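Letters go in sequence order (proteins before strands), and every chain restarts at 1. Note that the structure is a prediction, hence the values are computed from the model and not measured.
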Number of protein chains: 2
Amino acid sequence: MASAKSGATSGPKPGPRYAQVSDTLQRRIESGTYPVGALLPTELDLCQEFGISRHTVREALRRLAEAGFVQRRQGSGSQVISASPKGGYVHAMRSLNELFQYAADTHLRVDRIFEGAPPAPIDAVLGDQAGQNWVILQGLRLDAAGRQPICWSTVLVNQVFAGIVPDFATLTGAIYRLIEDRYGVLVDRVEQDIRAMPISAEAAAELGVSRRIWAVQVVRRYLDNEGRVMLVSVNDHPGDRFSYSMQLQKEGWGRS
Amino acid sequence: MASAKSGATSGPKPGPRYAQVSDTLQRRIESGTYPVGALLPTELDLCQEFGISRHTVREALRRLAEAGFVQRRQGSGSQVISASPKGGYVHAMRSLNELFQYAADTHLRVDRIFEGAPPAPIDAVLGDQAGQNWVILQGLRLDAAGRQPICWSTVLVNQVFAGIVPDFATLTGAIYRLIEDRYGVLVDRVEQDIRAMPISAEAAAELGVSRRIWAVQVVRRYLDNEGRVMLVSVNDHPGDRFSYSMQLQKEGWGRS
DNA sequence: ATTGAAAATTTGTCCGGACATATTTATACA
DNA sequence: TGTATAAATATGTCCGGACAAATTTTCAAT
C-alpha cells in the first residue's frame, strides 16, 4: 500500500494524514465499497490498514460523520448512512426578524383583543389548528415614523399563554418574544405560508387600499420543541407593496 | 477550584470533562470575562488551570469553535468572535427542487428562444443585471399529466452558456442542471424574490386566466461561486393558485 | 527609526497507552 | 428453547509526549 514515496511528480500527499484517510474512506463510500447500512471497519482495523494511530483514524471518522456519511455509535461501530455528502442549500437567518422582513422599528397597533374562535376566513386557512379557541389580537402594523401601514394582522395566541395579554400595552418587539420571555418556552420551528388572494373588505378598509388590489397573505405558525403551536399570525399585505427576498447558499462538503 | 469531590448531593459532574470545561469557558465568554476580540488563555494555560491534558482542552475549544464563539488560528491563539452562540434559524433544503416547490415531473414547454435584451417589464425587475443581453427562453411550465399551467416563465441564460441551447429539445430537468452538467460550474447561491403585481396581458393569455387576477412573480437568480449570474428566471404565477411554504428550524448550541 | 533575521510562542498533527461505557456475542442455567 | 449472566468487542474519554507549521515577539544590523 504505502508506496511511491520516491520523489515522483505525482504527489499523493495533499494535506494532513487524517484528511487523506477521510478522503479515501469517502471515495469508498461513494463508490459503494462500503454500502449504505453497512458498518465501516473498526478503528483498530483502519489503524492497521493505513498504518496510523487510532487518534488519526478517529479524526478522519469525525470528518465523515460531520459530512453526514456515517453515524458513530459507541460499542457498535460506524455505520454508513449516506453515499453522498449531506450537502444541500440553506437559507440561514440570525434571528426571526430576518424572516419577517420588516424593520424592527415597526410596531403593531392593536385594535381588538378577544378570546374565542377566529373569524371564518382566518379559521379556514389554519389547517390542523382550525376549530380551536385562541386569544386573538387584530391590528395594523405600522411604519415607525410615517403612517404607512405595512399589513393587517390577526394574531392567534395559544390560550396557555393568555397571561401575556396585559403586556400588550407596552408591546415593543414581536409577540413571540413576549411568550419566550415570560414562559421560558423557545420557538423551535416556524412554518410560513405565502398566498395571494382578493383582499378582504376589512383589510382593504384598514389598509386604505382599493379592493381591486390583491392581498398577499403570510401565515406564520410558531411551534415549540414539543410541536405545540404557540402562536399563529395571519398578515394581509397590500399586493402592490409586498416583496419577499431570500438567499440560499450551497452547503457542501467536498473531498479534502 | 477543583473541590466538593466528597459524596455531596450537588453533583457538579454532568458529562465528560471536556464538556464541563467548554461550558465554563462559554459562561465566561457570555459574561464578558473574555470579551469579544480578546484572546482566550493558551491551551497550556487552560491545561494548568483545569488540571487536564491538552487533548481535553482542545476538545473543549473545538466545541466553542463549532458553536461560533471562538476562532482558532495556528500560532496566534483562540480569539473570541461572539458572546452568544451562533444559533439562528435555518431553512434547509436537500436540493433546489424544494425551493421551486413544484413537482419534479413538471416540464417547461418552450415557446420562444431568442438572443438579446429582455422585454422591458422583465428588464425592469432585474436590478443589477438590467441592460445586459441574454439567451432568452419563454414558455409555459405545465403539469405532467393534465394541461394545468403552473406559471409563465421567462428564463435568461448568461451568454457564456449559450452552448446549452441545442439541448433544450430534450429538456427534462431544470435548466440550471443543464449548465452544471455541461460546463461544470455549480450553482453556489440562489436569490429569490417574490412579488405580487397586476398580471401582464401576455401572461394572462398564456395562462388562460382573467386579467382581474393578480400575478405572483417569482424571480430567481442563480450565481456561481464567483458571484457571476448564470441564469435568471422570472415566473408569473396566477395568484389564485400560488402558495409558497417554508419551514424554519432553530439551530442552537445550548450549554452541554 | 526601519528593516530583516532569529527566537519564542501557540496551535496543528500524530504517536503511544490506559481505562470507561455502550453494544454485541457467547455461555451457562433453567 | 428461552433467558439471564458473563465475556468479548467497539467506540468514548483522557492522559502523556513529540515534532511541525504559523504567528508573534525580540533583537541586531543598517
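When atom types are taken as modelled, the side chain of A:Tyr244 and the backbone of A:Gln101 share no donor-acceptor pair closer than 3.5 angstrom. Listed for the A:Glu180 side chain is a donor-acceptor partner under 3.5 Å among the backbone atoms of A:Val187. Listed for the A:Asp123 side chain is a donor-acceptor partner under 3.5 Å among the backbone atoms of A:Gly131. A donor-acceptor pair is defined here as one N or O able to donate and one able to accept, closer than 3.5 Å; no such pair exists between the side chain of A:Asp188 and the backbone of B:Lys250. Side-chain atoms of A:Glu191 do not come within 3.5 Å of backbone N or O of A:Tyr222 as any donor-acceptor pair. In this structure, the side chain of B:Ser22 does not engage the main chain of B:Tyr18 through any donor-acceptor pair within 3.5 Å.
Side-chain atoms of A:Ser153 and A:Arg141 form no donor-acceptor pair, as typed in the model, at a separation below 3.5 Å.
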Can you pull every protein N or O that's under 3.5 Å from an N or O on nucleotides 14-18 of chain D?
{"from": "D:dC14", "atom 1": "OP1", "to": "B:Arg17", "atom 2": "N", "distance (Å)": "2.4"}
{"from": "D:dC14", "atom 1": "OP2", "to": "B:Arg17", "atom 2": "N", "distance (Å)": "3.2"}
{"from": "D:dC14", "atom 1": "OP2", "to": "B:Tyr18", "atom 2": "N", "distance (Å)": "3.2"}
{"from": "D:dC15", "atom 1": "OP2", "to": "B:Ser53", "atom 2": "N", "distance (Å)": "2.9"}
{"from": "D:dC15", "atom 1": "OP2", "to": "B:Ser53", "atom 2": "OG", "distance (Å)": "3.0"}
{"from": "D:dC15", "atom 1": "OP2", "to": "B:Thr56", "atom 2": "OG1", "distance (Å)": "2.5"}
{"from": "D:dA18", "atom 1": "N6", "to": "B:Arg54", "atom 2": "NH1", "distance (Å)": "3.4"}

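In this structure, A:Glu59 atom CD and D:dT11 atom P are separated by 16 Å, rounded to whole Å. Rounded to whole angstrom, the span from the CZ atom of B:Arg62 across to the P atom of C:dT11 amounts to 15 Å. Atom CZ of A:Phe50 and atom P of C:dT13 are 18 Å apart (whole Å). The nearest whole Å value for the distance from the CG atom in B:Leu46 to the P atom in C:dT10 is 11 Å.
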Could you go step by step and tell me if A:Leu61 and A:Glu43 meet the side-chain contact (heavy atoms from CB on, under 4.5 Å) rule? CA-CA 9 Å; A:Leu61 291 175; A:Glu43 296 179 353; 3.8 Å; yes
Under the side-chain contact (heavy atoms from CB on, under 4.5 Å) rule, what do A:Val232 and A:Trp134 come out as? Steps first, then yes or no, please. CA-CA 10 Å; A:Val232 179; A:Trp134 308 80; 4.0 Å; yes
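Sorted by residue number, the members of residues 70-82 of chain B with any non-hydrogen atom under 4.0 Å from DNA chain D read B:Arg73, B:Gln74, B:Gly75, B:Ser76. For the segment residues 34-43 of chain A, the set of residues with a heavy atom within less than 4.0 Å of an atom of DNA chain C is empty.
Taking 4.0 angstrom as the limit, A:Arg58 places none of its side-chain polar atoms (N or O) nearer than this to OP1 or OP2 of D:dT11.
Using a 4.5 Å heavy-atom cutoff, the side chains of B:Val234 and B:Arg220 are not in contact.
The residues A:Glu226 and A:Arg189 are annotated as not salt-bridged, no charged nitrogen and carboxylate oxygen being separated by less than 4.0 angstrom.
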